[in-house]
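Just follow the structure's listing: the first ligand is 1, and inside any ligand the first atom is 1.
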Amino acid sequence: MDFQKILNDIYAATKDSSEKGTVATYIPELAKVSGDKLGMFLLDAEQNVYSVGDTSERFSIQSISKVIALAQAFDLVGNTLWKRVDVEPSGNPFNFLSLLEQENGIPRNPLINAGALVISDILISNLKDPKADFLSYVRGLADDPSIDYDEAVARSESETGFRNRATANLLKSFGNIENDVEEVLDFYFHQCSVAMSCEQLAKTFYVFCNRGKCTKQSEYLTLSQVKRINAIMLTCGFYDEAGEFAFEVGLPGKSGVGGGIIAVLPDHFSVAVWAPGLNEKGNSLLGMQMLEQFTTQTNLSIF
Ligand code: GLU
C-alpha cells in the first residue's frame with residue numbers, strides 16, 4: 001500500500017477546508033497557535049515513516065499526556081491502580097465534576113481530568129523526582145532527549161485552572177488524593193504542557209502498536225497492560241465523542257485540546273495528526289476527518 005500517496009491525498013483534500021474548528025482559548029497560551037497548522041505522520045510496525053504537512057513543529061500535547069502518565073503509573077503500581085480509578089467511558093466532557101461527586105470520588109476513567117489527577121497523585125507518591133522522572137520516561141519512550149515541558153503553557157494553565165483546582169479538591173475531600181493538592185496540580189499542568197511534534201508523538205506511541213516495546217525494542221509494558229491501555233483509549237480517549245471516533249475512525253487513540261490526536265493499530269502502525277481547530281466536543285476537527293479518511297481508504301482499523 002502506498003501510504004505516502006494516501007497521506008498526500010488526504011492532506012490535499014483537507015488543507016483548504018473552510019471549516020477548521022476553533023483553537024482552544026481557555027488556556028490563554030494555547031490561543032496563540034495558528035489554526036492553519038496541519039500535519040499527519042505515520043510510523044508503521046517496521047518503523048518506516050510517512051509524513052505530510054507540519055509534522056516536525058511541536059505543539060502542546062495536553063490530554064494526550066494522560067495516556068503516557070497512565071502507562072508509567074500502571075508500570076509502577078500494577079493493578080492496584082484500579083482501586084482508585086475506574087475504566088468506564090464517562091459520556092461527559094473531560095472536566096465534568098458532578099459525576100465525581102455521585103460516584104464518591106472514584107473517577108470514571110484515567111483519561112478524564114479527575115482520573116488523570118489521581119494518576120498524577122500516584123506518580124508523585126511513587127517517583128523520587130516526579131517531574132524529572134516523568135520527563136525521562138517520555139524521552140525514553142520517544143528515544144528523544146529533546147522533549148520538554150513548555151513552562152509558559154504550564155504557567156498559563158495554572159493561572160486559569162480553576163476547574164481542575166475544584167476537581168483536585170473534591171478528590172482530596174473523598175480521600176482519593178494523598179499528596180498536597182497544589183503539588184498534584186503543578187505536576188498535572190506540567191504533564192499536559194509537554195510539547196511534541198507529530199513525529200515525536202507517533203514514535204512515543206509506537207509502544208502501544210508494538211506489544212509494549214518502544215522503537216528501540218526495550219520493554220516498557222506487558223502485553224496485558226498494552227491491551228488494557230488500548231482498550232481505555234478506544235472507550236475513553238475522546239471526551240464524550242469516543243463512540244463517534246470509534247464509529248468514524250475505528251482505532252484506539254487520544255486527543256488533546258492542543259489539536260493533536262494519536263491513534264494506533266496494534267501490530268500495524270501509530271499515526272499522529274495535528275490541526276489546532278477543535279470541534280464543539282474539544283477534538284481536532286480536521287484531525288478526526290483525516291484519520292477517518294485514512295482508515296476508510298486503507299481499510300485498516302481494529303474492526
Ligand atoms: N490541561 C487541559 C485541562 O486540564 C487538558 C485538556 C485536554 O487536552 O483535554 O483542561
Side-chain angles (χ1 to χ4, degrees), residues 21-33 58-70 85 89-97 99-100 107-121 123 131 134 138 149-171 177 181-196 198 201 204-205 232-233 235-242 244-245 253-263 272-285 287-288:
T22 316
V23 176
T25 54
Y26 78 100
I27 301 174
E29 200 62 24
L30 296 184
K32 297 180 178 168
V33 178
R58 296 176 196 215
F59 57 90
S60 195
I61 69 168
Q62 290 297 320
S63 276
I64 296 173
S65 67
K66 290 170 179 166
V67 182
I68 309 171
L70 169 63
V85 57
S90 78
N92 290 119
F94 62 97
N95 53 7
F96 199 69
L97 271 167
L99 205 59
L100 191 57
R108 269 291 168 104
N109 66 68
L111 302 186
I112 53 170
N113 287 12
L117 286 162
V118 169
I119 300 294
S120 295
D121 186 55
L123 289 177
K131 281 195 271 186
F134 175 72
V138 180
Y149 298 120
D150 183 329
E151 290 293 341
V153 170
R155 204 175 319 113
S156 177
E157 183 165 12
S158 180
E159 283 163 9
T160 54
F162 305 109
R163 191 169 267 272
N164 282 319
R165 275 204 171 76
T167 308
N169 279 293
L170 194 54
L171 286 163
I177 291 280
V181 166
E182 278 305 317
E183 190 184 356
V184 173
L185 287 163
D186 181 59
F187 179 88
Y188 171 76
F189 294 144
H190 274 83
Q191 165 203 310
C192 290
S193 83
V194 167
M196 279 196 215
C198 286
L201 258 185
T204 305
F205 275 71
I232 293 170
M233 281 199 270
T235 53
C236 313
F238 294 87
Y239 316 119
D240 49 340
E241 214 176 19
E244 179 75 9
F245 192 83
K254 182 75 196 92
S255 64
V257 293
I261 302 180
I262 182 74
V273 292
W274 178 40
L278 308 179
N279 66 18
E280 68 288 350
K281 299 284 174 74
N283 293 307
S284 170
L285 182 88
M288 268 181 81

Please check if the side chain of Tyr188 supplies one atom and the backbone of Ala168 the other of a donor-acceptor pair under 3.5 Å. no

Purely on distance, is any nitrogen or oxygen of Val257 under 3.5 Å from one on ligand 1? yes

Taking all non-hydrogen atoms of both residues, which atom of Arg165 and which atom of Ser158 are closest, and how far apart? NH1-O, 2.9 Å

What part of Cys192, side chain, backbone, both or neither, has a heavy atom within less than 4.0 angstrom of ligand 1? side chain

Hey, is Ile64 touching ligand 1 through its side chain, its backbone, both or neither, going by heavy atoms under 4.0 Å? neither

Under 4.0 Å from a heavy atom of Gly256: which atoms of ligand 1 are those, numbered in the order shown and with their elements? 8 (O)

Atoms of ligand 1, numbered as shown, that sit under 4.0 Å from any heavy atom of Asn164: 3 (C), 4 (O), 10 (O)

Lys254 (side chain) donor-acceptor with Gly237 (main chain) under 3.5 angstrom: yes

Side-chain heavy-atom pair Asp186, Glu183 within 4.5 angstrom cut-off: no

Tyr188 neighbourhood, listing ligand 1 atoms whose heavy-atom distance to it stays under 4.0 Å: 1 (N), 2 (C), 3 (C), 4 (O), 5 (C)

Answer with yes or no whether Tyr26 contacts ligand 1, where contact means a heavy atom under 4.0 Å from a ligand atom. yes

Verify whether one side chain among Ser255 and Asn283 offers a donor that lies under 3.5 Å from an acceptor in the other. yes

Please work out which of the three classes, parallel, tilted or perpendicular, describes the rings of Trp274 and Phe59, given edges at 30° and 60°. parallel

Can you list the ligand 1 atoms lying under 4.0 Å from a non-hydrogen atom of Tyr239? 7 (C), 8 (O), 9 (O)

Keeping Asn109 on the side-chain end and Ile112 on the backbone end, is there a donor-acceptor pair under 3.5 Å? yes

Note: ligand 1 atoms sitting under 4.0 Å from heavy atoms of Glu157 are 1 (N), 2 (C), 3 (C), 4 (O), 10 (O)

In terms of the angle between their ring planes, are Phe134 and Tyr149 parallel, tilted or perpendicular, with boundaries placed at 30° and 60°? parallel

Within the 4.0 Å heavy-atom cut-off, what Asn113 brings close to ligand 1 is side chain

Hey, is ligand 1 close enough to Lys66 that some N/O pair sits below 3.5 Å? no

Atoms in ligand 1 flagged as close to Ser63, the criterion being non-hydrogen separation under 4.0 Å: 5 (C), 6 (C), 7 (C), 8 (O), 9 (O)

Between Phe238 and Leu111, is a side-chain contact (heavy atoms from CB on, under 4.5 Å) present by the stated rule, with each step listed? CA-CA 9 Å; Phe238 294 87; Leu111 302 186; over 6 Å; no

Using a heavy-atom cut-off of under 4.0 Å, does the side chain or the backbone of Arg163 touch ligand 1, or both, or neither? neither

